[in-house]
Enquirer: 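Take this structure first; my questions come after.
Chain naming here is simple, since letters A, B, ... match the order of the sequence lines and numbering starts at 1 in each.
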Amino acid sequence: MKKLTQRIDKERLLLGIAAPLLAVVAALVVTTLVILATGKNPGAAFSDMVTYGSASDSQVYILNKATTYYLAGVSVAIGFRMNLFNIGVDGQYRIAAFFAAVLGGALTTPGWISIPLIILCAMATGALWAGIAGVLKVTRGVSEVISTIMLNSIATAIIAYLLQPGKLAELQSGGTVVSTKPLPESSYFFQIDTGASGELWGFIVIAVAIGVAYWFVLGRTRFGFDLRTVGQSEPAAAASGVSVKKMIATSMLISGAVAGLIGMPTLLNDSHQFSNDFPLGIGFTGIAIALLGRNNPIGIALGALLWGFLERTTNHLEFEGYDKEILGVIQGVIVLCVVIAYELVRRYGLKRQQQRVGAELAAQAAATTQKQEVA
Amino acid sequence: MRRVAKLSAACIATAALALTATACGSTSSENSSSTSPSSSSGGGKGGIKIGLAYDVGGRGDRSFNDSAARGADKAAKEFGGSIKELTAKSSDTEADREQRLTDLADAGYNPIVAVGFSYATSVDKVAPKFPKVSFGLIDSVATSKNVDSITFTEEQGSYLAGVAAALKTKKNHVGFIGGVDTPLIKKFEAGYVQGVKDTNPKVKVDVQYLTHGSDFSGFASPDKGKEAASGMLDAGADVIYAAAGSSGNGSIEAVSGVKGAWAIGVDSDQYNIPGLAKYKNSILTSMVKNVDVGVYDFIKSVNDGKPLTGQQNYSLAKGGVSLATSGGFIDDIQPKLDEAKKKIVDGTITVKTS
């Protein structure tokens with residue numbers, strides 16, 4: 001029996017790897033065709049991507065970017081596991097980062113108090129913002145897709161209103177950049193100095209911790225089991241005594257809390273203030289990365305790294321004279337391919353399973369008839 | 001348990017790999033310097049190597065970035081140099097902007113012009129690492145020694161646009177469309193509104209921004225510009241001034257569909273932009289911000305071996321901003337515009353910046 005489970009595990013693992021691999025290969029082929037169509041040499045482009053992307057300062061850039069993307073991917077994946085489509089991660093992390101930056105700028109306490117406070121404030125704000133959608137869904141049955149995407153716009157408007165000189169922000173020298181009060185130096189998060197390659201953000205440690213927590217809570221606790229059950233079948237979960245409404249509200253809160261962390265690497269390690277050029281759209285990147293990583297903690301990490309690599313190297317491709325739109329094409333194609341590849345592999349797996357079950361049943365039937373004949 | 005071990009092993013392996021990979025290996029600048037030796041300074045035998053980092057929209061936005069491109073083109077032609085252009089994306093982070101500037105500096109481009117205030121922080125981070133390279137920063141002020149901050153008094157030019165709008169409106173109703181509600185664009189709005197009100201207090205001014213806060217897509221969305229302009233036209237406005245990068249193209253298109261309505265262009269003299277030729281009879285004037293002059297002056301100074309540093313403020317008095325007269329639609333009100341201009345230059349009128 002043990003042998004059998006091992007065999008299936010291996011096959012499932014193989015199928016699991018096949019899908020993203022197929023997607024990346026298909027994306028490569030399509031990208032090659034696109035570059036060929038623009039009359040450039042794809043071989044040189046790919047080799048430039050590899051040499052440039054593997055340089056040590058590129059590695060630091062990729063890891064820093066991936067830290068942010070990983071948190072976004074996990075935040076979206078929590079919703080996905082629950083069958084909740086949290087499109088609002090984008091608004092959640094921005095409003096969370098904004099209020100955290102305001103708090104951080106006002107705090108004069110030593111770093112070991114300020115930093116946890118800033119992070120907690122961001123998580124609470126993110127959770128609160130996502131919680132609105134959760135409450136609407138539970139009490140009024142409002143689809144979270146609609147409510148979260150509207151909450152994104154509301155978040156943008158609130159930030160735009162408060163991020164003005166005289167409200168919660170100040171005008172920087174030069175008179176063109178508005179930002180919140182910069183964090184005092186004691187509130188900077190630690191970073192690893194790698195010399196000429198730049199600084200590796202210390203927040204990567206927190207991102208890894210979140211990944212481990214995600215894997216543990218979902219895979220190893222009663223709560224995680226309930227969550228996945230609700231995601232797979234609400235009536236089944238309800239029948240086994242899980243309160244579906246409570247689960248929806250809680251998972252929305254957790255997803256929002258993790259979303260609150262997305263802006264933290266940028267805030268605590270890089271910009272140290274929330275200004276009008278704070279990065280946006282990472283919540284949507286998170287959706288692509290969660291899809292790419294199949295909601296798996298390691299898969300999301302690989303997806304986040306791939307995304308960082310693509311951004312770093314395609315920025316340089318533009319420098320080499322290729323069209324800058326290539327990045328958008330590659331990313332779009334990868335996501336499309338992933339969705340298609342997973343579906344293909346799923347169907348193939350299902351077919352294999354059916355065939356095996358069929359074969360076993362046939363063998364059993366044959367054995368019984370043989371037995372009967374003997375008898 | 002088996003899975004725990006497998007997972008943790010994978011985690012440790014990945015982390016170890018990442019850290020070792022980070023620790024060793026050469027940086028991209030070392031890689032590139034080994035393949036392409038960078039010229040020591042500008043103005044060498046190959047001519048001046050100009051690096052341009054555009055804001056969102058890039059060359060071809062028929063407005064702000066194009067104006068910078070014209071200045072660089074002129075300089076390159078005159079001094080026999082080459083130009084390398086990179087363009088920002090709206091999803092950029094600080095790291096992307098720094099990478100863009102660093103890539104240019106690594107490849108030996110000097111001077112490097114950062115077009116747009118988004119680059120302010122990045123220039124201050126990158127410039128000290130390349131003390132021999134001259135950086136130009138448009139629309140903002142940087143503190144590093146080797147940076148020339150090129151700024152304009154947009155509010156003064158916009159004031160004149162406001163005067164023209166107030167004199168040309170028949171319905172006593174005009175509009176202003178801003179790309180993003182940044183302090184820079186608010187300068188345009190403040191000057192415009194003041195110009196309108198000083199000329200005719202009865203004129204109503206509609207103000208709309210396309211995007212807010214950190215969403216910079218308002219500078220590169222002609223569809224949004226078109227929609228906003230249509231809304232204002234429907235509400236009764238008949239002169240619309242759009243300071244919105246390439247989104248302004250949409251606004252001009254919408255205005256051209258209404259008889260008797262005027263559009264006021266921005267940054268470049270949009271009457272003479274080939275891509276907008278179809279609509280040029282609806283373009284009353286343009287508030288020309290001579291970014292090209294700023295860029296050209298800066299490149300010339302580097303070529304002459306005396307790079308400009310500090311802040312160069314291109315005001316109305318110095319011809320940094322002006323109203324375009326192409327098409328001759330404002331010839332009849334020119335005396336009044338000249339009077340307003342004189343008052344601004346001699347200080348009788350102080351134009352507000354916010």
Side-chain angles (χ1 to χ4, degrees), chain A residues 51-52 54-61 63-65 68 94 156-157 159-161 163-165 171-178 192 194 196-198 200 204 208 211-212 215 219-220 266 270-271 274-282 285 297-298 301 305 311-312 315-316 318-319 324 327-328, chain B residues 3-4 7-8 10-11 14-15 18-19 21-32 58 84-87 89-97 99-100 102-104 107 117-118 120-121 137 139-143 149 151 180-184 187 209 211-216 311 353-354:
Chain A
T51 33
Y52 188 76
S54 58
S56 59
D57 52 342
S58 296
Q59 287 168 6
V60 170
Y61 171 102
L63 284 174
N64 286 347
K65 276 244 161 165
T68 303
R94 277 185 289 128
T156 308
I159 295 171
Y161 177 75
L163 190 71
Q164 274 175 28
L171 203 58
Q172 301 263 299
S173 66
T176 40
V177 176
V178 196
I192 302 157
T194 59
S197 323
L200 183 66
I204 196 166
V208 171
V212 172
W215 162 80
R220 287 286 176 280
T266 312
D270 186 30
S271 66
F274 190 102
S275 59
N276 41 12
D277 53 11
F278 202 80
L280 81 165
I282 296 171
T285 313
I298 292 177
L305 287 170
E311 287 193 353
R312 175 75 178 178
N315 275 350
H316 192 251
E318 192 200 354
F319 187 81
K324 63 178 185 300
L327 169 68
Chain B
R3 253 183 93 189
V4 180
L7 262 178
S8 46
C11 280
T14 318
L19 280 177
T22 305
C24 52
S26 53
T27 64
S28 60
S29 42
E30 284 158 21
N31 284 350
S32 69
K84 183 86 200 171
E85 300 171 312
L86 298 177
T87 307
K89 303 183 295 289
S90 44
S91 62
D92 270 356
T93 60
E94 200 47 48
D96 295 303
R97 289 185 281 267
Q99 181 194 354
R100 212 167 286 128
T102 311
D103 276 351
L104 287 169
F117 61 82
S118 310
T121 352
L137 173 64
D139 274 355
S140 193
V141 180
T143 49
S149 305
T151 54
V180 186
D181 62 345
T182 59
L184 175 73
K187 276 161 91 178
Y209 285 91
T211 56
H212 299 269
S214 52
D215 179 3
F216 278 13
Q311 186 180 354
T353 54
S354 63

Enquirer: If you measure from OG1 on B:T211 to CG on A:L280, what distance do you get to the nearest 0.5 Å?
Expert: 9.0 Å
Enquirer: Quick one: CD on B:E94 to OG1 on A:T266, what's the gap to the nearest 0.5 Å?
Expert: 10.5 Å
Enquirer: Heavy-atom distances under 4.5 Å only: say whether B:L137 touches chain A with side chain, backbone, both or neither.
Expert: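 Nothing of B:L137, per the 4.5 Å heavy-atom cut-off to chain A.
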Enquirer: Indicate whether the side chain of A:Y161 and that of B:D181 have a donor and an acceptor atom separated by less than 3.5 Å.
Expert: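 No, no side-chain donor-acceptor pair sits under 3.5 Å.
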Enquirer: Who are the side-chain contact (heavy atoms from CB on, under 4.5 Å) partners of A:A301, not counting sequence neighbours?
Expert: A:Y70
Enquirer: Could you check if a side-chain atom of A:K65 sits within less than 4.5 angstrom of a side-chain atom of B:D96, using non-hydrogen atoms only?
Expert: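 A side-chain contact exists here, since the closest heavy-atom pair is under 4.5 Å.
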Enquirer: Is the backbone of B:T87 close enough, under 3.5 Å, to the side chain of A:E318 for a donor and an acceptor to pair up by distance?
Expert: yes
Enquirer: Could you work out, with ring pair (Phe, Tyr, Trp, His ring centres under 6.0 Å) as the rule, every residue matching A:F319, not counting sequence neighbours?
Expert: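 Here the qualifying residues are A:H316.
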Enquirer: Decide yes or no for A:F278 and B:T93: does some side-chain heavy atom of the first lie under 4.5 Å from some side-chain heavy atom of the second?
Expert: no
Enquirer: Select one option (side chain, backbone, both, neither) describing which atoms of B:E85 are under 4.5 Å from chain A's heavy atoms.
Expert: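 When you check distances to chain A, only backbone atoms of B:E85 fall under 4.5 Å.
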Enquirer: Can you see which heavy atom on B:Q99 is nearest to which on A:R312, and at what distance?
Expert: NE2-O, 3.1 Å
